[in-house]
Amino acid sequence: MASISLKGVQKAYGNGAPVIRDVDLEIGENEFCVFLGPSGCGKSTLLRMIAGLEDLSDGELSIGGRSVTDVPAAQRGVAMVFQSYALFPHMTVFENMAFGLKLAKTPKAEIDRKVREAARILQLEPLLDRHPKALSGGQRQRVAIGRAIVREPGVFLFDEPLSNLDATLRGQTRIEIARLHKQFAKASVVYVTHDQVEAMTLADKIVLLHAGKDTERYGSIAQVGAPLTLYHRPNSRFVAGFIGSPQMNFMAARVTSTDAGGVTVTLDGTGETMRAAVDGTALQTGQAVTFGVRPEHLQFVAPGLDSTNPSDTPEPDITRTVSLVEQLGEHSYVHLDQPGGTGLIAKAPGNTRLKQGESARFIAPSAACHLFTDDGFAVASLNPVEPVEHYA
């Protein structure tokens, strides 16, 4: 059982700009923490720094309350599962899983017990005498996970472990990892991925990282929080655009008025009036802002109806021409024309009858709408997310 603490951590190669900048992060005992972000943001580098495979250029790293900044990887009490599995091809499954224990001079009886118990949990018992070339990708990944489990570390580190698997195997193995974390709840997990589904379904805490020039301007960490917090209350336009698929719709606007219930804005190009339930005390009338609403929060209004709001309180709406309908079975994505050419997307039922060229009206509930200032930061919501216990 071990917590992880990073204070002022930076990483630079040679005389180049830091690829990891100003990271202050606390990962609690038993916590499943996911590093998420675009390619090149430093997710794997940060993970390798925790593992001891990369040196820190600056800052301090502690595991279980003990400073390990200068401690070799083998002495940190962590186990890492690599993207490439890193199995020894000439060894059997049993030998691969037992390798670390043999190096630690663990008694043979103890090795046999631990390997067979891990194999039972991972459903690898029939495969213990096989070599890696005789296994599927999913089976090889489970062997790599088993090799980490038998060491009984305080911290598990996963570096994009599912990226080499097909979609079906990714889903199955993701469930296995979630189940294993519950079973081995005494260990903390740090997991790197670029896949939002993995992050949202597995994490107790998501650490979303910036990339490129955003890192230089704001530091490496964009936002830290529970999955639903990042989804419902992003602290910046970057976070709002990265979390969610399709991404949030953004529209240029100007502040019309503010009151205790939120902010009224006028959309550029159309003059439509919209509302967002945010704290507008720091905003000025006429100030340029970005109005945001997710595709799944736009509510289609059937012709002849005034509102889909159960309270019968009129909500602001937009009217657009349908440019494309993507029917995916369970739901459809309705693409809408938008002045400026960026386009909007609304999520509709799979049996929607909307067609290209038709005019469609959508309500944007003020409680689900967001505002962002010119510097990219979100205006604070008046409807904070209630604490939700997360289940993987």
Side-chain angles (χ1 to χ4, degrees), residues 2-9 20-38 41-44 46-47 50 61 155-158 160 174 177-178 181-182 185 188-211 214-215 217-248 250 276-279 290 292-294 296-297 367-373 375-392:
S3 60
I4 304 170
S5 176
L6 298 94
K7 296 180 179 179
V9 168
I20 296 293
R21 185 190 297 266
D22 303 328
V23 170
D24 292 300
L25 180 64
E26 300 292 330
I27 301 171
E29 296 178 349
N30 311 333
E31 197 166 46
F32 199 121
C33 179
V34 173
F35 292 168
L36 178 67
C41 70
K43 303 184 295 293
S44 293
L46 190 56
L47 187 80
I50 295 173
L61 170 64
V155 176
F156 284 100
L157 305 177
F158 290 86
E160 300 203 49
R174 185 178 71 240
I177 291 173
H181 179 239
K182 300 303 179 185
S188 301
V189 175
V190 183
Y191 186 104
V192 165
T193 184
H194 62 272
D195 188 314
Q196 289 186 45
V197 173
E198 290 178 33
M200 295 294 287
T201 57
L202 288 172
D204 299 315
K205 174 191 289 180
I206 291 177
V207 178
L208 180 59
L209 301 176
H210 281 127
D214 281 342
T215 300
R217 182 177 179 186
Y218 303 113
S220 287
I221 295 181
Q223 187 170 352
V224 178
L228 291 181
T229 299
L230 270 66
Y231 174 81
H232 287 293
R233 298 293 175 261
N235 66 5
S236 67
R237 177 168 172 168
F238 168 77
V239 176
F242 193 88
I243 299 292
S245 181
Q247 75 166 23
M248 183 181 289
F250 297 111
V278 299
D279 182 0
T290 298
V293 60
R294 295 195 181 280
E296 54 270 32
H297 293 154
C369 295
H370 305 259
L371 287 186
F372 306 93
T373 54
D375 59 5
F377 290 105
V379 180
S381 172
L382 295 175
N383 300 301
V385 174
E386 294 296 325
V388 176
E389 185 171 358
H390 177 70
Y391 295 92

Residues which pass ring-ring contact (aromatic ring centres under 6.0 Å, His included) with Phe158, listed by chain and number, not counting sequence neighbours: Tyr191
Any [X] side-chain heavy atom under 4.5 Å of [Y] side chain:
X	Y	answer
Val278	His370	no
His181	Asp204	yes
Val34	Glu198	no
Leu46	Val192	no

From CD1 (Ile243) to CG (Leu36), nearest 0.5 Å: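 So the CD1 of Ile243 and the CG of Leu36 are separated by 5.0 Å.
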Minimal non-hydrogen separation, Ala178 against Leu202, with atom names: CB-CD2, 3.6 Å
Heavy-atom pair with the smallest gap, counting every atom of Lys43 and Gly37: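 For Lys43 versus Gly37, the nearest heavy atoms are NZ-O, 3.0 Å.
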Glu26 versus Ser5, side-chain donor and acceptor atoms under 3.5 Å: yes
Donor on one side chain, acceptor on other, Asp375 and Thr373, under 3.5 Å: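 Result is yes, a qualifying pair exists.
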Audit row: Leu208, Phe238, side chain to side chain contact (heavy atoms under 4.5 Å, CB included) steps and yes/no: CA-CA 10 Å; Leu208 180 59; Phe238 168 77; 4.0 Å; yes
Leu382 backbone acceptor or donor facing Asp279 side chain under 3.5 Å: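 Between the backbone of Leu382 and the side chain of Asp279 there is no qualifying donor-acceptor contact (under 3.5 Å).
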